[in-house]
Structures are given as structure tokens and as C-alpha cells.
Amino acid sequence: MPLSLTSTQILAGLGALLGQVPDVRRFRPNLLVAAATASGFPEDGWVGSVLRIGGTRIRLDARDRRCAVITVDPATAARDPKVLQVVARARGGYLGVYGSTVEPGHIAVGDPVIVEP
């Protein structure tokens, strides 16, 4: 089963397109990474790389194609089709990445994230 990874920066980038930063729970990531790069969507450039987080290495295999589930507000269950419409129009339907564990290990909040080529 693949891991889903999203960054705080990708949420901010999407928020700029939506006019408000969406709740991360809409996207159901296994890992949320604090990222600060020149790109508003750093994960796009990470596909094909390996991330080292704590004692774990994760190969990032593919961009994450999003479905209608992201239209549901996790706090209220209200639907907002604009979220998926913006992701489809501006991002080709992709947001975040899928990865596979290469080397299992412990991950803790605050562990550095290192992108290996």
C-alpha cells in the first residue's frame, strides 16, 4: 500500500489559488512535511527521489491524483466542489505524492527531511 505525502507548502500554494488554506485532513496524507522552497509545489520535483525522514527512507513514486473526497470538509461534512475544480484546473488533478518504503524505521515529529537524488 503506498504512502501519501503532502507538504505544508503545497497546502499554502493551493490556499493561494482557493483564497483560503484548506484543512490538511481533506487530503488524508500519511505524512505532512514542513517544506519551504522556491516552488509552491515542491513535491512535484521530488518524484523519483528518496526522502530520508528519521530512520526511514521513502521512494517517491508518483504524483497523487485527487478524487471527489477532497471536496468534503472533514469538520462539517459540507461539500465544496471548488477545491477539486481548482486542483483539476491548476494542477491537472494532482496534489501531493505517493511513495513506497525503501528502508523502514522510526519517524518522529520534527525529524529533518532530506531529499536524496
Side-chain angles (χ1 to χ4, degrees):
M1 188 102 189
L3 296 168
S4 174
L5 184 139
T6 300
S7 76
T8 54
Q9 189 166 346
I10 207 166
L11 292 175
L14 180 60
L17 298 172
L18 287 169
Q20 68 179 18
V21 177
D23 187 325
V24 67
R25 295 177 297 165
R26 283 184 187 265
F27 305 100
R28 305 165 323 280
N30 299 105
L31 294 170
L32 177 63
V33 173
T37 65
S39 164
F41 302 96
E43 292 92 320
D44 294 345
W46 296 347
V47 174
S49 299
V50 173
L51 293 186
R52 178 171 293 282
I53 308 172
T56 301
R57 292 178 67 232
I58 301 166
R59 182 185 60 243
L60 300 180
D61 301 313
R63 294 170 65 204
D64 189 346
R65 178 167 294 281
R66 295 305 179 158
C67 67
V69 172
I70 69 171
T71 66
V72 179
D73 183 313
T76 66
R79 292 188 179 270
D80 182 359
K82 182 180 176 185
V83 176
L84 183 58
Q85 291 166 354
V86 168
V87 170
R89 183 177 62 249
R91 305 276 308 137
Y94 294 93
L95 195 75
V97 292
Y98 282 127
S100 304
T101 302
V102 173
E103 183 179 321
H106 181 76
I107 295 175
V109 173
D111 280 345
V113 177
I114 301 164
V115 181
E116 300 175 351

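- The minimum heavy-atom distance between Thr6 and Pro29, with the atom names listed, is OG1-CB, 3.7 Å.
- Here OG1 of Thr101 is found 7.5 Å from CD1 of Ile107. Values are rounded to the nearest 0.5 Å.
- Hydrophobic clustering of Ile, Leu, Val, Met, Phe, Trp and Tyr side chains at less than 4.5 Å, counting indirect connections, unites Val24 with Leu18.
- In the hydrophobic clustering of this structure, Val50 does not group with Leu31; members are Ile, Leu, Val, Met, Phe, Trp, Tyr whose side-chain heavy atoms approach within less than 4.5 Å, directly or through other members.
- Minimum heavy-atom separation, Asp73 to Ala75: OD1-N, 2.7 Å.
- Of all the heavy atoms in Val21 and Ala12, the pair that sits closest is CG2-CA, 4.3 Å.
- Listed for the Arg65 side chain is a donor-acceptor partner under 3.5 Å among the backbone atoms of Gly92.
- Of all the heavy atoms in Arg28 and Val69, the pair that sits closest is NH1-CG1, 3.2 Å.
- Note that the CG atom of Asp61 and the CG atom of Leu5 stand 11.5 Å from one another [nearest 0.5 Å].
- For the atom pair NE2 of His106 and CD1 of Ile53, the computed distance is 12.0 Å after rounding to the nearest 0.5 Å.
- Cluster annotation: Ile10 is not connected to Tyr94 through the hydrophobic network of ILVMFWY side chains, with a link wherever side-chain heavy atoms come within less than 4.5 Å.
- Considering CG of Leu3 and CD1 of Ile58, their distance stands at 5.5 Å, rounded to 0.5 Å.
- The two atoms that bring Val115 and Trp46 nearest to each other are CG2-NE1, 3.7 Å, heavy atoms only.
- For Asp80, the salt bridge (charged side-chain N to carboxylate O under 4.0 Å, His left out) criterion is met by no residue, not counting sequence neighbours.
- Of the inter-residue distances, the one linking Phe27 atom CZ with Leu11 atom CG reads 6.0 Å to the nearest 0.5 angstrom.
- Checked by atom type and distance alone, the side chain of Arg26 pairs as donor or acceptor with a backbone atom of Thr71 at under 3.5 Å.
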* Verdict with supporting geometry, Val97 and Asp64, side-chain contact (heavy atoms from CB on, under 4.5 Å) -> CA-CA 5 Å; Val97 292; Asp64 189 346; 5.6 Å; no

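- How far CG of Leu17 is from CD of Gln85: 13.0 Å, rounded to the nearest 0.5 Å.
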* To do: List the steps, then state whether side-chain contact (heavy atoms from CB on, under 4.5 Å) holds for Arg91 with Asp44.
  => CA-CA 10 Å; Arg91 305 276 308 137; Asp44 294 345; 2.8 Å; yes

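- Residues Glu43 and Leu60 are not in side-chain contact: their nearest non-hydrogen atoms beyond the backbone lie 4.5 Å or more apart.
- In this structure, Asn30 contributes its side chain and Ser4 its backbone to a donor-acceptor pair below 3.5 Å.
- In this structure, Val86 is not a member of the same hydrophobic cluster as Val72, with clusters built from ILVMFWY side-chain heavy atoms closer than 4.5 Å.
- Panel note: side chain Thr56, backbone Gly105; a donor-acceptor pair is recorded below 3.5 Å.
- With Glu116 contributing its side chain and Arg52 its backbone, the two residues share no donor-acceptor pair below 3.5 Å.
- Taking all atoms of both residues into account, the shortest heavy-atom contact from Ala68 to Leu84 is CA-CD2, 3.8 Å.
- Counting only distance, with no hydrogens or angles, the side chain of Arg66 and the backbone of Leu95 share a donor-acceptor pair below 3.5 Å.
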